[in-house]
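Contents: one structure, followed by commentary.
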Amino acid sequence: KKKKKTKGNLMIGYVTVGVSDMEKAKAFYCDLFADRGAKVIIDGGRIAMIGATPKEPMISVCVPYDKKDPQPGNGNMVAFAAQSKEEVSELYNKAISLGATCDGEPGQRIPDRFYGAYVRDPDGNKMTFYVFG
């Protein structure tokens, strides 16, 4: 039996990160990706999905279900694609201005293959902005 392909062959619908302050987290991610049309798509109180449309991958922020403090994972990271090396730097600088901390300034990581910058959001969740090449 042939499996049905998902529309657009998207592999990831959304990624969730734990946060301690929902309003602050929603503002951080909406502001960071405002140029991409990001807004809160679904707000369920303790969880919110942020993106341009529910038909494209989103970032979800939530207060953990067990009500314990959110804990960034060791080895976990959300990667956000950029259109250029310049956009990597723009997103990095914008994230820092919104309260993120540096976890690796913009730069070539793998010669001629991967250029990226790393930050941690205000709750310590690690993310990268990257472009291949």
Side-chain angles (χ1 to χ4, degrees):
K1 184 178 177 181
K2 263 191 163 179
K3 290 188 177 188
K4 240 178 136 176
K5 288 185 178 181
T6 59
K7 196 169 198 162
N9 291 321
L10 295 177
M11 192 167 155
I12 296 176
Y14 65 92
V15 174
T16 302
V17 294
V19 300
S20 57
D21 182 323
M22 285 296 292
E23 295 308 313
K24 185 175 177 182
K26 288 187 286 188
F28 177 84
Y29 285 100
C30 286
D31 290 348
L32 179 60
F33 294 112
D35 291 344
R36 295 184 181 188
K39 60 189 173 291
V40 175
I41 303 288
I42 297 171
D43 194 335
R46 70 164 205 83
I47 188 168
M49 295 180 171
I50 299 162
T53 167
K55 296 180 183 197
E56 297 174 1
M58 297 177 286
I59 182 87
S60 174
V61 295
C62 78
V63 173
Y65 184 75
D66 64 8
K67 296 187 175 68
K68 293 182 181 174
D69 289 338
Q71 298 294 317
N74 184 17
N76 298 340
M77 178 175 65
V78 179
F80 294 101
Q83 297 298 313
S84 65
K85 291 178 180 179
E86 292 77 22
E87 188 182 22
V88 167
S89 293
E90 289 168 10
L91 288 167
Y92 168 86
N93 289 326
K94 191 169 188 180
I96 297 296
S97 76
L98 293 168
T101 56
C102 175
D103 213 38
E105 292 183 356
Q108 197 72 42
R109 304 291 186 230
I110 302 170
D112 300 320
R113 298 182 105 191
F114 186 89
Y115 184 93
Y118 301 86
V119 299
R120 289 190 180 266
D121 74 7
D123 283 291
N125 296 298
K126 187 173 182 178
M127 68 183 88
T128 183
F129 309 112
Y130 75 95
V131 64
F132 289 117

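All values derive from a computational prediction rather than experimental measurement.
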Mind telling me whether Y29 and F80 have parallel, tilted or perpendicular rings, with 30° and 60° as the class edges?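 Rings of F80 and Y29: tilted, as their planes differ by 30° to 60°.
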Across all chains, not counting sequence neighbours, the side-chain hydrogen bond (donor to acceptor under 3.5 Å, both in side chains) partners of T101 are none
Does the side chain of [Y] come within less than 4.5 Å of [X]'s, by heavy atoms?
{"X": "I47", "Y": "Y65", "value": "no"}
{"X": "I50", "Y": "V40", "value": "yes"}
{"X": "D43", "Y": "K26", "value": "yes"}
{"X": "D123", "Y": "P72", "value": "no"}
{"X": "E87", "Y": "F129", "value": "no"}

What distance separates [X] [atom1] from [Y] [atom2], expressed to the nearest 0.5 Å?
{"X": "C62", "Y": "R46", "atom1": "SG", "atom2": "CZ", "answer": "5.0 Å"}
{"X": "T128", "Y": "Y92", "atom1": "OG1", "atom2": "OH", "answer": "11.5 Å"}
{"X": "K94", "Y": "S89", "atom1": "NZ", "atom2": "OG", "answer": "14.5 Å"}
{"X": "R109", "Y": "Y130", "atom1": "CZ", "atom2": "OH", "answer": "14.5 Å"}
{"X": "I41", "Y": "C30", "atom1": "CD1", "atom2": "SG", "answer": "8.5 Å"}

Using modelled atom types only, decide if a donor and an acceptor are shared between the side chain of [X] and the backbone of [Y] within a distance under 3.5 Å.
{"X": "Q108", "Y": "F114", "answer": "yes"}
{"X": "K126", "Y": "V119", "answer": "no"}
{"X": "N125", "Y": "G18", "answer": "yes"}

If you group Ile, Leu, Val, Met, Phe, Trp and Tyr by side-chain heavy-atom gaps below 4.5 Å, do [X] and [Y] land in one group?
{"X": "Y118", "Y": "L32", "result": "no"}
{"X": "Y14", "Y": "M11", "result": "no"}
{"X": "M22", "Y": "L98", "result": "yes"}
{"X": "L91", "Y": "V17", "result": "yes"}
{"X": "M49", "Y": "V78", "result": "no"}

In this structure, are over 12 heavy atoms from other groups packed under 6.0 Å from N74 atom CG?
no
- Message: Counting only heavy atoms from other residues, nucleotides and ligands, does the tally under 6.0 Å from NZ of K24 exceed 12?
- Response: no
Q) Taking all non-hydrogen atoms of both residues, which atom of M58 and which atom of T53 are closest, and how far apart? A)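 Looks like CG-O, 4.0 Å.
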Between P64 and P70, the two heavy atoms sitting closest are CG-CA, 3.8 Å
C102 and I96: side-chain contact (heavy atoms from CB on, under 4.5 Å), yes or no, with the steps?
-> CA-CA 7 Å; C102 175; I96 297 296; 4.2 Å; yes
### Query
Step by step, would you call E56 with R36 a salt bridge (charged side-chain N to carboxylate O under 4.0 Å, His left out)?
CA-CA 12 Å; E56 297 174 1; R36 295 184 181 188; over 6 Å; no
